[in-house]
Each structure stands twice: as C-alpha cells, then as structure tokens.
Protein chains: 2
Amino acid sequence: MAISEGLSIGALARRTGLAVSAIRYYEAQGLIQPWRNAGGQRRFQRADLRRLSFVIIAQKFGFTLPEIRELLDRLPGKRTPTPKDWAAISVAFRSRLDQRIETLEKLRDNLDGCIGCGCLSMPKCALYNPDDKAKAKGVGPRYLMGDSPD
Amino acid sequence: MAISEGLSIGALARRTGLAVSAIRYYEAQGLIQPWRNAGGQRRFQRADLRRLSFVIIAQKFGFTLPEIRELLDRLPGKRTPTPKDWAAISVAFRSRLDQRIETLEKLRDNLDGCIGCGCLSMPKCALYNPDDKAKAKGVGPRYLMGDSPD
DNA sequence: GTAATTTCTCAACCTAACTTGAGGTCAAGG
DNA sequence: CCTTGACCTCAAGTTAGGTTGAGAAATTAC
C-alpha cells in the first residue's frame, strides 16, 4: 500500500463496517467526494471515515440521505473539519431528535386518552387527526366508525 | 344506493380519506375482507371503517402492514369488535410506543455526551455502537476517524 | 511474470407501500 | 336506453436505500 496516497474503498469499508456498494452509493448521493488514482480507482481522505461514521449515526436518528447531505454540506469543504465543526452539527441533531420524541409522546398521550374511552373513533379521536399535514384539505375523514348522521 | 347492502369502495375511501387503490392494496395484504356483490364489486361492512382508521393510526405509530395485520387478527372475526376489543389492542400500541421513545431518548443522551467531547469518534463513541444488532460480528468499525494505531 | 484480489461501470434487482395506466365492466340518472 | 361515472383486474412504475451480477481493468502477492 503506497504511503499516504489515500484509502481504498475496501479499506474504508472494513473500517466503517459499510459495504463497498453502500459507499459507492453514498458517493453517488453526494455524501463523499473521493478522487481517482492513476488507474481510475477511488481514493479517500481519512476525514471521510468521520463523514461516513456521521452518516451511519445520522441514519440511526432517522435522517434521510438528502438531509444528511445538507448537514454535511455545512462542514468546511477545504480544511479538515474540527471537533467544533462536528459539535455544531450535533446541535442540529439534538433539536431534530427532540422534535421526534415530542411527536411520539404526544401520540402516546392521545393514545392514553383513547384507552380510557376505548374509542379509536372518529371524528372525536385525537389519534386520528393529530394536526399534521393537510388540515383543511376538505376531503378528510368525517363521519367515521359507523355512527353516521343520516 | 341500496339499503344496507354494505359500503362501496368509493364510499369507504371518502370516509377514511384513503385512496381507493390503497384500500384494494390493504385487502391484498389481508387487512380487510370485503365480500363481492352480484356484479363483482367489493362491499364493505361499517366495521371496516374502524379497521381502516386503525390501520391509519397504527401506521403513524410506525407499525408495518404485516404487524398491523397481526394486531387486527386478534379482533373477533365474527362479531363486531367492541370498544373493549380495541382497547386491548391499544395496550400493544402503548408498549411499542414506549420502546421507540426510550430508544430515541437513549440516543439523545449519547448525543449529549458527544456534544461535550465533540467527537463522534470511534471506537469510544457510544453513538456509533449503541448496542444493537450484530454486536460481535467481528468486522465492525475499529480504528476510525483517522487516529489509527499504526 | 503470473495468479489472486480489488476495483471499475452499468444495469438489474430488492422491499415497502402504494400509485398509475390500459382495457373492460357495472350501476345509476335522465 | 344510453351515457357517465364508479369499479374491476393486472402489469408496471415510484421512492429510498441499497445489493447483486457481469465483464473488464487495476493492483497486490508470491
């Protein structure tokens, strides 16, 4: 292995635990930008190990690849990212994560209310219409659950 | 509309907010079992409104269709499910939901630790290897983030 | 110098949960 | 009766996040 000519895709795969195919896929999605050696093979910076680790973690947090890409784009392109750069990103993580937890908790509270009434019945049931998307779309569920008004 | 001959797929779609194609898909997945009228069209019971509402809600909780099917299979096939029947199911919801919340909170705690050290760096970082799947798979990430031991 | 690995590209396949389209039938209103 | 509009089936397309395979070229190991 040549000294300091960058990491091969296989080396990167072994050290991140990712499949080679996954790494190539991530490149296609713009998450990493390896260069090519004389023979046309991909060569990676050591900093890419960190980028890929980040990808793995961010996925555990439920981020999509485009979202992860956005986060990674905030990193300095030129210099190697410092711990401070990464820490800035984890703040973004944090708020996103808090959001998701809050959503689930809200759902849980609604569920608790519904266990009491045993309903899951619309249109009263808060579970059915927790104010997400398309509130006033006009078509939504109206007289559900068989207790129609006619 | 004939009296009490069951609901058409379109009526069901309007009242649940689901697409007709989605309802047919759910049937294919075994979530509902309409019968057919003389002309071969699907006819649904009123109780199916509740079943479909349940499907919608369960999906918000992150259940997959096969999982939802399992839950629905616990409902009495013959008689119309009572509130009690539904309440029994929401207990299953509850524990599942608690699990997911706990997982996220664990992740968040790890993240908080990592904001401090700014690392996201392996193999120390708890975020990277939160003890899920394939713990001793042998191949995992080892000396990551550029601080290799050689 | 040759054999064994790696790597390359590109196209096709995979799962989940649906949607869309083609071509044909059923049902309801005037 | 006849025209819409709702329905039917079946095949194929869609998105996300990859994997698999073929055939060829590069690299490494002995």
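Keep in mind the model is a prediction, meaning the values are calculated, not measured. Chain letters run A, B, ... following the sequence lines, proteins first and then strands; every chain starts at 1.
Here CZ of Arg24(A) is found 14.5 Å from CD of Gln29(A). Values are rounded to the nearest 0.5 Å.
Comparing atom distances between the Tyr25(B) side chain and each of dC18(C), dG17(D), dT7(C) picks out dC18(C) as nearest. Among dT7(C), dC18(C), dG17(D), the nucleotide with an atom closest to any side-chain atom of Arg24(A) is dT7(C). Ranking dC8(D), dG18(D), dT20(C) by closeness to the Ser21(B) side chain, first place goes to dT20(C). In this structure, the nucleotide among dT7(C), dG17(D), dC8(D) sitting nearest to the side chain of Leu65(A) is dG17(D). Listed nucleotides dC18(C), dC8(D), dG18(D) differ in distance to Gln41(B); the shortest reach to its side chain belongs to dC8(D). Counting only heavy atoms from C-beta on, Ala22(B) has its side chain closest to dT19(C) among dG17(D), dT7(C), dT19(C). When distances are taken from the side chain of Ala19(B) to each of dG17(D), dC18(C), dT19(C), the shortest belongs to dT19(C).
The distance from atom CZ of Phe44(A) to atom C1' of dT7(C) is 11 Å, rounded to the nearest whole Å. Here the C1' atom of nucleotide dT6(C) and the CD atom of Glu5(A) are 17 Å apart, to the nearest Å. The separation between Leu18(B) atom CG and dC7(D) atom P is 14 Å, rounded to whole Å. For Leu12(A) and dC8(C), the CG to P distance is 11 Å, given to the nearest whole Å. Protein atom CG of Leu52(B) is 15 Å distant from nucleotide atom C1' of dA17(C), rounded to whole Å. Glu27(B) places its CD atom 15 Å from the P atom of dC18(C), with the value rounded to the nearest Å. Rounded to whole Å, the distance from CD1 on Ile9(A) to C1' on dA25(D) is 16 Å. Atom CG of Leu7(A) is separated from atom C1' of dT6(C) by 15 Å (rounded to the nearest Å).
One finds a side-chain N or O of Arg36(A) lying less than 4.0 angstrom from the OP1 or OP2 phosphate oxygen of dT9(C). A close approach under 4.0 Å does not occur between any side-chain nitrogen or oxygen of Tyr26(B) and OP1 or OP2 of dA17(C). Close to dT7(C), at under 4.0 Å from its OP1 or OP2, lies a side-chain N or O of Ser8(A). At dC26(C), none of the side-chain N or O atoms of Arg42(B) fall inside 4.0 Å of OP1 or OP2 (strictly under the cut-off). At dT7(C), none of the side-chain N or O atoms of Asn37(A) fall inside 4.0 Å of OP1 or OP2 (strictly under the cut-off).
With respect to the salt-bridge test (charged N to carboxylate O, under 4.0 angstrom), the residues Glu27(B) and Arg42(B) qualify.
Of the possible polar contacts, none joining the Arg74(A) side chain to the Ile89(A) backbone as a donor-acceptor pair under 3.5 Å is found. Remark: side-chain polar atoms of Glu67(B) are paired, donor with acceptor, to backbone N or O of Thr64(B) under 3.5 angstrom.
Within 4.0 Å of Gln59(A), counting heavy atoms only, lie sugar-phosphate atoms of the nucleic acid but no base atom.
Residues meeting the ring-ring contact (aromatic ring centres under 6.0 Å, His included) test with Phe63(A), sequence neighbours left out: Phe93(A).
At a threshold of 4.5 Å between non-hydrogen side-chain atoms, the residues Leu104(B) and Leu97(A) count as touching.
Along DNA chain D, the nucleotide nearest to Gly39(A) and the one nearest to Ile23(A) differ in position, and the one closer to the 5' end is contacted by Ile23(A).
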